[in-house]
Amino acid sequence: MKVHEVPPPGDAAGLLPGTQFADAYCIEVPGPPLDAHEATQRMTEHPPRWTEILLSIRNLVVAPFGLKTSGKDEKSPREMMGIFPIISETPDRLVAGFNDKHLDFRVVVDVAAIGTGQQVTATTLVKTHNRFGRAYLTLILPFHRLIVASMLRRIA
């Protein structure tokens, strides 16, 4: 299954006002229909070991700076998708993410019927708050692209 970079959806900026970075990748998935929740669940369940290692390193590095290592917040329990709280959900779209000191982050998973399957698109939206947020974004972007492509392939 091939992952393609595509333009972010037209309404992406409305999902995170002030968005400074947006990208989107899609994959065509044959087979029976699936909704955005199931697609996102397949993307985030049982990640490849190398992504878990990268996330562990990231968490060790950012913890001294007081940054969140997950969107889990005991004060406002929400359903989680991987490490991200679900913000909104319809059968065709799931929006997850959280706000932190250095940046706000959203991942949007859209599912659309095509032919005998679906096209699943993962859009990433980021709004940075300071120099640290901009530096952090610059550092993670090469890994981000690899991780998103790997996660999309897990749907099939």
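Model, not experiment: these values are computed from the prediction. The chain is numbered in sequence order, starting from 1.
At a threshold of 4.5 Å between side-chain heavy atoms, the hydrophobic network of Ile, Leu, Val, Met, Phe, Trp and Tyr places F105 and L141 in one connected group. Each of V148 and V6 belongs to its own hydrophobic cluster when Ile, Leu, Val, Met, Phe, Trp and Tyr are linked at side-chain heavy-atom distances under 4.5 angstrom.
Between the S150 side chain and the L146 main chain, no donor and acceptor come within less than 3.5 Å of each other. Between the N130 side chain and the G133 main chain, a donor and an acceptor come within less than 3.5 Å of each other.
Atom CG of L94 and atom OG1 of T44 lie 9.0 Å apart (nearest 0.5 Å). To the nearest 0.5 Å, the span separating CZ on R42 from CE on M151 amounts to 14.0 Å. Atom CD1 of residue I147 and atom CE of residue M43 lie 11.0 Å apart, to the nearest 0.5 angstrom.
In this structure, the side chain to side chain donor-acceptor pair (under 3.5 Å) partners of D104, at least two apart in sequence or on a different chain, are H129. With sequence neighbours excluded, the residues forming a side chain to side chain contact (heavy atoms under 4.5 Å, CB included) with D92 are T90, listed by chain and number.
Residues P85 and F98 approach most closely at CD-CD2, 3.9 Å, considering heavy atoms. When every heavy atom of F84 is checked against every heavy atom of G97, the shortest pair comes out as CB-N, 3.9 Å. Contact detail for E89 and H37: the closest heavy-atom pair is OE2-ND1, 2.6 Å.
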List, one per line, each side-chain donor-acceptor pair under 3.5 Å for residues 112-125, sequence neighbours excluded.
none

List the atom pairs, with distances to 0.1 Å, where a side-chain N or O of residues 7-34 and a protein N or O form a donor-acceptor pair under 3.5 Å, not counting sequence neighbours.
unit_1 : atom_1 : unit_2 : atom_2 : d
D11    : OD1    : R93    : NH2    : 3.1
D11    : OD2    : R93    : NH1    : 2.7
T19    : OG1    : L16    : O      : 2.4
Q20    : OE1    : T128   : N      : 2.5
Q20    : OE1    : T128   : OG1    : 2.6
D23    : OD1    : H144   : NE2    : 3.2
D23    : OD2    : H144   : NE2    : 2.9
Y25    : OH     : R145   : NE     : 3.4

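Residue pairs meeting the salt bridge (Lys or Arg N to Asp or Glu O under 4.0 Å) criterion with at least one partner in residues 127-140, sequence neighbours excluded, are absent.
The aromatic rings of H102 and Y136 stand perpendicular to each other, their planes meeting at an angle above 60°, with 30° marking the opposite boundary.
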